[in-house]
There are 2 protein chains.
Amino acid sequence: MPVTIKDISKHLGLSVSTVSKALNGYPDVAAKTRSAVLAATEQLGYQPSATARNLRRQRTDKIGVVHPVKSFESETFVGFFRGLVYAAQDFGYNLNLYTAPESDSAALQRICRGREVDGMILIGTGIAGVQEASMALLEREGIPFVVLGNPVEDSNVSFVAPDNRGGALAVMQHLIELGHQRIGYIARPDDPENNAQRFEGYRQALAEAGIDFDDTLITEAPYTPYSGMGAMRVLLELPKPPSAIFAFNDHVAIDASRTVLQRDLQIPEDLAVAGFDNIPSSLVASPALTTVHQPQIEMGKQALEVLLALIGGRDDVQRLTYQTELIVRASTVTKIL
Amino acid sequence: MPVTIKDISKHLGLSVSTVSKALNGYPDVAAKTRSAVLAATEQLGYQPSATARNLRRQRTDKIGVVHPVKSFESETFVGFFRGLVYAAQDFGYNLNLYTAPESDSAALQRICRGREVDGMILIGTGIAGVQEASMALLEREGIPFVVLGNPVEDSNVSFVAPDNRGGALAVMQHLIELGHQRIGYIARPDDPENNAQRFEGYRQALAEAGIDFDDTLITEAPYTPYSGMGAMRVLLELPKPPSAIFAFNDHVAIDASRTVLQRDLQIPEDLAVAGFDNIPSSLVASPALTTVHQPQIEMGKQALEVLLALIGGRDDVQRLTYQTELIVRASTVTKIL
DNA sequence: TTGTACGCGTTATCAG
DNA sequence: CTGATAACGCGTACAA
């Protein structure tokens, strides 16, 4: 039986409301009384019931994190989680984990209407259309939310995303400087916004370098395990295969690398490979992967701050794009430590 | 303004309590009434307030997951999270994420006394002593909990852990069969139980093979980034260096591999390397890492089931050890695909 | 300065 | 079969 406010009121012979006021810093309570209350609280080990307080205050101090189940199968989102965890701690919020409903959104609706959280962070896109459905639902239910990790078209949705186009541009310029003229792109249609922007960077770099766009060099890797291997195979079997590829992300790039190595081709001599995200595996991959770093931890923190502002009523939509950084490793350049 | 039970009671001209009974499947309510209530509920989009219901029922349907911040920096725990997420979904529970208080346990105490969750899962050990402190606190507060990922001495604590000794034994037998006589062990003192059991397997294998134990072959890698590299360096600089090493886990093993390769030694020809956990990176590491797989997803699910049993009052302590599986890859054997 | 009374949204008990 | 009524633990306007 946990100790309640009633217990300490009895213990002191005070009324419940006086105790409550003493604890919540109201000015109209005698200094003596206050210190007595504090002492009793300490002594009896009292802590207000989160549930009761939530009911009364009509807020939960909890943030829901909606993410596809797959985010735990991939390293792509780990940094976001870390950022969220850190920030939540700082601001005195708890994080509730919800796996995105892949098919129906009934679960999400229940959460909203059950008022389990004060706001939501949406991570990851997964199956095309799912994020849109979630956003529409949240908007309808009037729950503040922020999308983390990809940009969103809808101009009254807040998001925190990487500079996809800039990152892709940097990778491509790097490859072009190395002399590559036929550069493949492995796309990820299930992640439409990120993919579109990275592809844009790809095309822009080609255009700026005066290289003709060749659509046979574009393949797709859906959001399934090892899909990058199949995509790479397609590219290798072209009549005129590429000399380098830029993959939608590191997971895809690593898959692609495996296919390349299986065919006894050398990376980067026969084929250079670059990815996006700078996941942990990209460093230990063989060879270490050239990639684009996005400051995920910072982005996660920022997303939470934006969300708290929304919850606080300052409903200025924030659409933030974070600078990325090219990380050159052995998969594109020899003679790298 | 969310719709409450009062709204639908008004809407139908029924009493609140009748509505509640209809919704909660009480038998003493007319079929007609019930269907009317259900219809209204659907129409008005009613969902009971989680908070109010929690207050009334004195339970939250939430499980706290306590983990060191570092668990997001490492891949070691990812599988556990997945298992928990899946199981929580199945059983209608929510997961609350709490980062373990590295220094004081005040935060954890607040959570307990605030009755924010019905029970807790403890993941990861981190700094020595932290888990013990947490367990003592939880026990004192009377919150049911299960430790996930490592065994626990205290015999009235439930845990779900891998068969460390068995896994270590398998790795070591594999190395010994390959002809290795001088095998190093890189320990992780910050994870005392797991470490002790893996070390036990190490010694048992040596003993069974009639190989003398040599304590110069034992080094330590603390829970800090790249600590495995330093540990490996020590081993390589021995007068009689080992021909193989078994590292506490894959992160350490991968670090160690990098040190080996930096010295222009070949793996596994000059030095064979094996780890533990079968993290994603172990597959893409160069060369791919021989390791011990533990069924983390299943273990995570199991931990939640055990916890729910505890919460349900069936307080039979469960101390479960899961079978592991040796995964042989290129870091110990050449001619592996 | 303290205490009373009410309500947050539910569910459970008990009459009717 | 239905409906008052109380209670879960807390916060706050208002009265004393």
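Chain identifiers are assigned alphabetically (A, B, ...) following the order of the sequence lines, protein sequences preceding nucleic acid strands; residue numbering begins at 1 within each chain. These numbers come from a predicted model, not from an experiment.
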Nearest-nucleotide pick for A:Lys21, side chain only, options being C:dT1, D:dC14, D:dG3: D:dC14
Side-chain N or O of B:Tyr26 closer than 4.0 Å to phosphate OP1/OP2 of C:dA12: yes
Rounded distance (Å) that lies between atom C1' of C:dG9 and atom CZ of A:Arg113: 17 Å
Whole-Å distance separating the CG atom of B:Asp61 from the C1' atom of C:dT11: 14 Å
NZ/NE/NH1/NH2 to OD/OE distance under 4.0 Å, A:Lys62 and A:Glu116: no
Sugar-phosphate only, base, or nothing, as touched by B:Ser49 at under 4.0 Å among non-hydrogen atoms: sugar-phosphate
No-H, no-angle donor-acceptor pair, B:Arg56 side chain to C:dA12 base, under 3.5 Å: no
Donor-acceptor pair, side chain of B:Asp154 and main chain of B:Asn156, under 3.5 angstrom: yes
Sugar-phosphate only, base, or nothing, as touched by A:Ile5 at under 4.0 Å among non-hydrogen atoms: sugar-phosphate
A:Phe80 ring center within less than 6.0 Å of A:His67 ring center: no
Selected nucleotide, minimal atom distance to A:Ser15 side chain, candidates C:dT4, D:dT2, D:dT12: C:dT4
Heavy atoms from other residues, nucleotides or ligands near CD of B:Glu298 exceed 12 (cutoff 6.0 Å): no
Distance below 4.0 Å between B:Lys6 side-chain N/O and C:dC8 OP1 or OP2: yes
Sugar-phosphate only, base, or nothing, as touched by A:Thr51 at under 4.0 Å among non-hydrogen atoms: nothing
Cation-pi, A:Tyr46 ring and B:Arg113 (6.0 angstrom, 45 degrees): no
side-chain N/O A:Gln58 vs C:dG9 OP1/OP2, d < 4.0 Å: yes
NZ/A:Lys301: more than 12 non-hydrogen atoms of other groups inside 6.0 Å: no
Between D:dT12 (P) and A:Arg59 (CZ): distance, integer Å: 11 Å
Sugar-phosphate only, base, or nothing, as touched by B:Asn54 at under 4.0 Å among non-hydrogen atoms: nothing
Sugar-phosphate only, base, or nothing, as touched by B:Val16 at under 4.0 Å among non-hydrogen atoms: base
5' precedence on DNA chain C between B:Asp28 and B:Thr4 (nearest-nucleotide basis): B:Thr4
B:Arg57 side chain, from C-beta outward: closest of D:dT2, D:dG9, C:dT11: C:dT11
5'-most by nearest nucleotide on DNA chain D - B:Leu55 or B:Val29: B:Val29
Interatomic distance where CG belongs to A:Leu23 and P belongs to C:dT2 [whole Å]: 13 Å
Side chain B:Ser17 and base D:dG3 donor-acceptor under 3.5 Å: yes
Side-chain N or O of B:Thr18 closer than 4.0 Å to phosphate OP1/OP2 of D:dC1: no
Donor-acceptor pair under 3.5 Å, B:Arg53 side chain vs C:dT10 base: no
Nearest-Å distance for atom pair CG/P, residues A:Asn24 and D:dA13: 12 Å
For atom NZ of B:Lys10 and atom P of D:dG3, their distance in whole Å: 15 Å
Under 4.0 angstrom between B:Tyr46 side-chain N/O and C:dT10 OP1 or OP2: yes
